[in-house]
Amino acid sequence: MDYNFSEIEQKWQAFWQENKTFAAENKSQQAKYYVLDMFPYPSGAGLHVGHPLGYIASDIYSRYKRHLGFNVLHPMGYDSFGLPAEQYAIQTGQHPKITTEENIATYRRQLDQIGFSFDWDREVRTSSPEYYKWTQWIFIQLFNSWYNKKTDKAEDLNSLIEHFVKNGTANLNAHSDSTHAFSAADWAAKSEKEKSEILMDYRLAFLADSYVNWCPALGTVLANDEIKDGVSERGGHPVEQKKMQQWSMRITAYADRLLKGLDKIDWSDAIKEIQRNWIGKSKGAAIAFNTENRQHSIEVFTTRPDTIFGVSFMVLAPEHELVAELTTKDQQKEVEAYQKYAASRSERERMTEVKKVSGAFTGAYAIHPFTGKKLPIWIGDYVLAGYGTGAVMAVPSGDQRDWDFATHFNLEIPAVIEGQDVKEGADDRKDGKIINSDFLNELSVKEAISKAIKAIEEKAVGKGKTNFRLRDAVFSRQRYWGEPIPIYFENGIAKAVPEDELPLELPEVDKYLPTEDGEPPLARAEDWTYNGNPLEASTMPGWAGSSWYLFRYMDAKRENGFADQESLDYWKNVDLYFGGAEHATGHLLYSRFWTKFLNDRGYLTVDEPFQKLINQGMILAEDGQKMSKRYGNVVNPDDVVAKYGADTLRLFEMFLGPLEQSKPWDTGSIEGVHRFLRKFWRLYHDGDNHFKVSDEKASSEELKSLHKTIKKIREDIERFSFNTGVSAFMICCNELNELKCNNREILEPLCILIEPYAPHIAEELWSKLGHQDSVSKVEFPEFNASYLVESNHKYPVSFNGKMRFMLELPIDMGKDEIEKTVLEHEEAQKWLEGKTPKKVIVVPKKIVNVVV
RNA sequence: GCGGAUGUGGUGAAAUUGGUAGACACGCUAGACUUAGGAUCUAGUGCUUCGCGGCUUGUGGGUUCGAGUCCCUCCAUCCGCACCA
């Protein structure tokens, strides 16, 4: 074989490992650049060819940045806690630790053979006690913090206690779901247990009774982002709502900052929009409607307070707590029947039968705060108990669901905006004038919204309010293979395990199943106690370890901190992050939350983890389906590397198409890429495969080809267009082949140029040229435009704004010279007819405008 | 329904700033060298026409000397959210 890729690749992989070629320095005068891939979960199936796509792209960029003189941090690790290893343990009894280690070994072997420039000295594993020690430590910081809305920051819980001691709840503006009100004296009089219960309502990691998504098949609770279409994301099992006491994270305290932070990071609009929608900020007003007998008030949230005069009835969710008290005797039977019907419908039924109108009249009336009109109170399952207040003021002229409801039950539909046709359907226009609305009449929608809020506040029936869709994140998982939550219960009071006793290591258990009385698996451990007090038995969710791992890489082996201050200050945050778009509402949101929290508490100087994000597409199987063991259509990178080599795999995965696009694997065209590498090899080897390079000076043709390629490769890498980069190499190789060019002067820069894409062949040729050190350490070749003189650029020449002719001019011609050449051109002379132009405007590379 | 993205040959796709559409690669056709070819090399390859020429970037319009690119309309596909008040 002429081009013996497997020999070359093994040789250089060994060289890199031995010489620690890609180790990054934490102390450096050089500018830093941090390139990170989302670390993989080491599954039993190993890597398929889709996994390395992002790794190859990030590796190209890392290697490129090293050539530009940056100190590049490019680490890799494993998100090694997770469900599959635990399920395997349940089936076979093998400890998840063993399974995980075996899988990691496979991953490492597969990654190594592709020739990535990872700094393996910094490897992290979320399941190793040295790592999760600090995950637990962060949890304790969250447990011991509250959110002060005055400073818009998380603060130490002691400052809250101090406030309670001095002022009670007076003057406090804290983020909490509960509204406590007590004086300093009240606080002093409370028992330890009472105090701890109050504090729990402020902690950022807190224990609360709440409705959670319970998945009976998996035996655990799930966060909202772990559910897709009403079933669990993993396995597709049904999920039900269940009230349970669970640890949660008060991510809602950060809703506004998570939203604002999106403006200063360089992510795709698609991902930003997904996060914005998930956070779901809506501005409007909270309004309380008194009931007719004045005994109750129904609080609603609306984004359109300008339509307040269009309210003709009220609707409560069937589960709303006031329903029973409001319902009149006459209506009781009907209401209860409806509640029963609503409860019987599953989430999925509700989702598929969205258009079905149903409801019942309670017999009670609310009073309109401005007109005093009686508004019938209905219940209907189109109003959700879990969003806002679980009640709405119905404006049928402006809201289609209200309109459908009103039409179905024959309720009034008053128009309040000019141009609404209430017979046709709802019309939520924002451009008309307000009508039939007393003091709001004649105003625009925008003016009416602020005037209505003002009036509502003056009348003390409500106030302007911002609502979020984002919920607090459930943090407990009833599983074995996760980080133990470092909390014990002393006399029923939750307390953190002292920091200097971390990590709280996972105990050994006889079975990886819940106990007979439904306790999580950790409760099976022989002595799951701390100082005789029971320890928390649930573990942390998968996203805990991945929410901060980027910082651990900065100083991965530190024992007395999650990373030292100097390293954190130097590396700051990730400059460029590669990963799939499927983590938009999970990992990418949680890790922004934890980063902001750690910043608040003074541990970090940055408050966004990932400055730029690239979402690589998926590689689908040749049949266009997702690659999966289940479909038996997986292409294994091992086979590709064995047959064509790692450099071919790398080039080919980049050549497949735009990085961010999903595309099918195409076995046929891999040959083309492989052919290129062989052609390139043969250019510098004779028939007996001996290296053959001439010392002749490069011709201008050859230099032109080289510099065209330098320009293209630099530009392509800068804009992450790696597929066209591969094409540029092929064109260059074809041209050099035609010129029979095999001289040193061209090959040297070419080796450096191709190294990010195909590092093994680059190193091999580089060493054959007589160099001792790795080509990865050499400065990237500069583009010199003067070699491209012969290539021309088209300039449209226009007279008084009308285009007259196209003119080809050298690419590096200066502005004055262009002007002169244009005016001397015979075409121009023809159009000028002897007149002197008033003005000549040359926009470089674009257009020449002659004003006569 | 709302939001985001994408529509270019037989296929994957290029076209950087509004300036020769289809680079590069696959596939296909013909040929050369071969006992052989799934090796290598050469030529051809958007559609249409014998040819001159005409047509061509999902549809229909607009702006412009000039539009794949900018603006509007509609259509299709993919993704996210979804009785979110």
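So that the names make sense, note that chain A is the first sequence line, chain B the second, and so on, each numbered from 1.
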Separation of A:D269 atom CG from B:rG3 atom P, in whole Å? 14 Å
Please state the C1' separation for the pair B:rU16 and B:rG9 - nearest whole angstrom. 23 Å
Does A:E715 reach a base, just sugar-phosphate, or nothing at all? Heavy atoms under 4.0 Å. base
Sub-6.0 Å ring centroid separation between A:H368 and A:F309: yes
Which nucleotide in the list B:rC41, B:rG4, B:rU16 gets nearest to the side chain of A:A270? B:rG4
Rounded to the nearest Å, what distance is computed from the CE atom of residue A:M618 to the P atom of nucleotide B:rC79? 9 Å
Listed partners of A:D666 passing side-chain hydrogen bond (donor to acceptor under 3.5 Å, both in side chains), at least two apart: A:S669
Contact under 4.0 Å: A:Y387 side-chain N or O vs B:rA85 OP1/OP2: yes
Partners passing side chain to side chain contact (heavy atoms under 4.5 Å, CB included) against A:E735 (at least two apart in sequence or in another chain): A:S705, A:K708, A:I731
Strictly under 6.0 Å, is that where the ring centroids of A:F652 and A:F655 end up? no
Pick one for B:rG9: is it syn, with its angle within 90° of 0, or anti? syn
Determine the Euclidean distance between corresponding P atoms of B:rG61 and B:rC26; express it in Å to zero decimal places. 39 Å
Under the salt bridge (charged side-chain N to carboxylate O under 4.0 Å, His left out) test, residues paired with A:R682 that sit two or more places apart: A:D2
Should the pair A:R719-A:E715 be classified as a salt bridge under the 4.0 Å nitrogen-to-oxygen rule? no
Using the P atoms only, state how far B:rG46 lies from B:rG10, rounded to an integer number of Å. 11 Å
Separation between the C1' atoms of B:rG7 and B:rG22, rounded to whole Å: 16 Å
Can you check whether A:N734 has a side-chain N or O nearer than 4.0 Å to OP1 or OP2 of B:rA23? no
Rounded to whole Å, the CZ-C1' distance (A:R682 to B:rA39) equals 10 Å
Please state the P separation for the pair B:rC71 and B:rG58 - nearest whole angstrom. 15 Å
Between B:rA85 atom C1' and A:D306 atom CG, what is the distance in whole Å? 13 Å
Got a sec, which residues hit side chain to side chain contact (heavy atoms under 4.5 Å, CB included) with A:S591, two or more places apart in sequence or on another chain? A:S547, A:H587, A:P609, A:F610
Is the shortest side-chain N/O distance from A:R471 to OP1 or OP2 of B:rC84 below 4.0 Å? no
Between B:rU16, B:rC41, B:rA85, which one does the side chain of A:R401 approach most closely? B:rA85
Contacts of A:V323 meeting side chain to side chain contact (heavy atoms under 4.5 Å, CB included) (sequence neighbours excluded), chain-then-number -> A:L316, A:H320, A:T327, A:V335, A:Q339, A:I379
According to side chain to side chain contact (heavy atoms under 4.5 Å, CB included), who are the partners of A:R714, at least two apart in sequence or on a separate chain? A:Y64, A:L68, A:I710, A:F780, A:E782
Contact summary for A:V300 and A:M393, nearest pair of heavy atoms: CG1-N, 3.7 Å
Let's see if you get this right: which residues in residues 652-663 of chain A place a heavy atom under 4.0 Å from RNA chain B? A:F655, A:L656, A:P658, A:Q661
Using the C1' atoms only, state how far B:rA39 lies from B:rA32, rounded to an integer number of Å. 14 Å
Show me the protein contacts with nucleotides 26-28 of chain B, counting only N or O atoms at under 3.5 Å.
residue	atom	partner	partner atom	Å
B:rC26	OP1	A:R675	NH1	2.5

Using the C1' atom in both, what is the distance from B:rA14 to B:rA25, to the nearest Å? 11 Å
Which residues in residues 720-730 of chain A have at least one heavy atom lying under 4.0 Å from any atom of RNA chain B? A:N723, A:T724, A:S727, A:M730
Pairing residues for A:E582 by the side-chain hydrogen bond (donor to acceptor under 3.5 Å, both in side chains) criterion, not counting sequence neighbours: none
Rounding to a whole Å, what distance do you find between A:K679:NZ and B:rA25:C1'? 10 Å
Which nucleotide in B:rG80, B:rC24, B:rA85 has an atom nearest any side-chain atom of A:I274: B:rG80
Using atom CD of A:E273 as one end and atom C1' of B:rC2 as the other, report the distance to the nearest whole Å. 11 Å
Watson-Crick and G-U pairing of RNA chain B written in dot-bracket, each distance under 3.5 angstrom, with | for inter-strand partners: (((((((..(((......[....)))((((((.......))))))(((....)))..(.(((..]....))).))))))))....
Comparing nearest nucleotides in RNA chain B, the 5'-proximal residue of the pair A:K712, A:E738 is A:K712
Using ring-ring contact (aromatic ring centres under 6.0 Å, His included) as the criterion, point out the one residue from A:F405, A:F289, A:F409, A:W403 that pairs with A:F313. A:F405
Starting at CD1 of A:I379 and ending at P of B:rC83, how long is that distance when rounded to a whole Å? 19 Å
Nearest-Å distance, CD1 (A:I710) to P (B:rU16)? 21 Å
If every non-hydrogen atom of A:I251 is compared with every non-hydrogen atom of A:D472, which pair is closest and at what distance? N-OD1, 3.3 Å
Report yes if a side-chain nitrogen or oxygen of A:R469 is closer than 4.0 Å to either non-bridging phosphate oxygen (OP1 or OP2) of B:rA85; otherwise report no. no
Does anything in residues 265-275 of chain A form a salt bridge (Lys or Arg N to Asp or Glu O under 4.0 Å)? List the pairs, not counting sequence neighbours. A:D266-A:K612, A:E273-A:R276
Non-hydrogen side-chain atoms of A:L440 and A:F370 separated by less than 4.5 Å: no
Between A:I271 and A:R719, which has a closest nucleotide on RNA chain B that is more 5'? A:I271
Pick the C1' atom in B:rG53 and in B:rA67, then give their distance to the nearest Å. 24 Å
Centre-to-centre under 6.0 Å for A:Y387 and A:F301, is that the case here? no
